[in-house]
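Everything below concerns the one structure shown next.
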There are 2 protein chains.
Amino acid sequence: MNDKFFKLPLEKQQRIINAAYKVFSQNSYRKAPMSEIADEGGISKALLFHYFGNKKELYMYLWSNAIEMTRKAVREYNTLETNDFFEMLKRSLLSKCALMRDYPYMYAFSLRAYYETIPEIQEVIQENYSDVSNASKRIVFEKMDLSEFRDDMNLEMMYDEIFYAVDGYMLKKYRLDRVIPDEIEREFLDLIDLWKKIYTKKGV
Amino acid sequence: MNDKFFKLPLEKQQRIINAAYKVFSQNSYRKAPMSEIADEGGISKALLFHYFGNKKELYMYLWSNAIEMTRKAVREYNTLETNDFFEMLKRSLLSKCALMRDYPYMYAFSLRAYYETIPEIQEVIQENYSDVSNASKRIVFEKMDLSEFRDDMNLEMMYDEIFYAVDGYMLKKYRLDRVIPDEIEREFLDLIDLWKKIYTKKGV
DNA sequence: CTCCTTGTTGACCGTATCGGTTAATATTGG
DNA sequence: CCAATATTAACCGATACGGTCAACAAGGAG
């Protein structure tokens, strides 16, 4: 990877990266064409290769950038510095939206990357998705205050159900090509209110 | 399309069709290779063309078959012959699982087909997804008995949340390549119990 | 204006893949 | 053993792909 890329105006960097996230999120690694990324990013294919060397290097950069940005966003929103489950959820989803403003297709890219099967990519993505999501589930369960929930509730099932819904919601948004962070943020907040109402004792 | 296809043993027919559903659900129409379908279906590419003429014809057959099978399953499970929302939901999901036993990738295929953007396909798929899903939502709301729900509940939001979760759940199963109807059926029933508990007055 | 550096690209290359065809080979049934 | 049918390997032309390179544009320094 060529360091000159980072000397580009930030806006141009992001335009290129987002083009790559988009194309890699809509196609499998093997079938994602570099030429399409270049076109979508508004530069020539030759220049794209000039910056990133080859396809795999570009993919690796996208992956590590996704990791780094996600970690940063989670940290900035103090996601884990509360015991209230719904507050954690809220911060987590808001951080996701913030990220979406700069990189609309990063979430879809990560989701797809986790399940990429060809060995060339799997060696880049050491972690497997189940491990990551189970790990964060465990962390949340260690932290969270259990007293606010209804007594007859299977909390692990609640957790899974909520994240199924989040994924299903995002899937719809991506499919409709309606990745509008403000709208998504608003609807996330409404969903959290709903969940708070149905899953807790007080129901407020 | 060649009628000789239907004279094949049913098992072989299904193997070929499922191979096609699988490949078309994992790739966009344009990038789904006929050769891969043939390999996955255990026949030669030439024979595949012999039966279906060309790629578009195969796709059209898959689409109309999906429509027909879905309608049949919904009918067979008397999905709309009850006023109880959760009973309707249960029948709908059970019919989905029954279908999945014969055609594991049909659901994923339909979902993808609805959002296919290239005109060659859009003319085949007249209906657009939002129309279809809104139509079935309206039908359900006309039929269902509202008295069983908590009074403080926004029912439309509940409806959306539930179907987000169903889609998110299925997405995970497909991504993990764990399309096991028995398992999915079991977990669907558990989810329905959960929803009944949290969304209704009695909560049972 | 010239010269040099830097950024950028169109055109090109070899290869792989794709949709579709065909001539030939299996297989089946009488 | 033969004829009809089922099935395929091999092929074809077109295109798409990853990657390269020589040339061009732009901008500043002298």
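Side-chain atoms are counted along with the backbone in the values below, which use heavy atoms only and exclude waters and symmetry mates. To find a chain, count down the sequence lines: A is the first, B the second, and so on, and within it residues start at 1.
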* **Within residues 8-16 of chain B: residues closer than 4.0 Å to DNA chain C (heavy atoms)** => none
* Asked: Can you list, by residue number, the residues of residues 45-64 of chain B that have a non-hydrogen atom closer than 4.0 angstrom to DNA chain C?
  ->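 Contacts with DNA chain C under 4.0 Å: Lys45(B), Ala46(B), Phe49(B), Asn54(B), Lys55(B).
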* Asked: Do the side-chain N and O atoms of Asp167(B) and Tyr107(B) include a donor-acceptor pair separated by under 3.5 angstrom?
  ->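 Present: a donor and an acceptor within the cut-off.
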Euclidean distance, atom [atom1] of residue [X] to atom [atom2] of [N] [Å, nearest integer]:
X        : N       : atom1 : atom2 : value
Asn2(B)  : dG20(C) : CG    : C1'   : 16 Å
Phe6(A)  : dT6(C)  : CZ    : C1'   : 19 Å
Glu36(A) : dG18(D) : CD    : C1'   : 14 Å
Lys4(B)  : dA4(D)  : NZ    : C1'   : 10 Å
Met34(A) : dT9(C)  : CE    : P     : 15 Å

* To do: Give me the ring orientation class for Phe5(A) and Tyr61(A): parallel if the planes are under 30° apart, tilted from 30 to 60°, perpendicular past 60°.
  =>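 Judged by the thresholds at 30° and 60°, the geometry between Phe5(A) and Tyr61(A) is perpendicular.
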* Taking the inter-plane angle between the rings of Tyr29(B) and Phe24(B) on a 0 to 90° scale, is it parallel (under 30°), tilted (30 to 60°) or perpendicular (over 60°)? ->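 Correct class here is parallel.
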* Sugar-phosphate only, base, or nothing, as touched by Ala38(A) at under 4.0 Å among non-hydrogen atoms ->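 No contact.
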Please check this pair: side chain of [X] against backbone of [Y], looking for a donor-acceptor N/O pair closer than 3.5 Å.
X         : Y         : answer
Asn18(A)  : Asp102(A) : yes
Asn154(B) : Met157(B) : yes
Ser25(B)  : Lys22(B)  : yes

* Structure fact -> Of Ser44(B) and Pro33(A), the one whose closest nucleotide on DNA chain D sits nearer the 5' end is Ser44(B)
* Are the aromatic rings of Tyr21(A) and Phe109(A) close, with centres under 6.0 Å apart? -> yes
* Ring centre gap for Phe85(B) and Tyr199(B) strictly below 6.0 Å ->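 No - the distance between ring centres of Phe85(B) and Tyr199(B) does not fall below the 6.0 Å cut-off.
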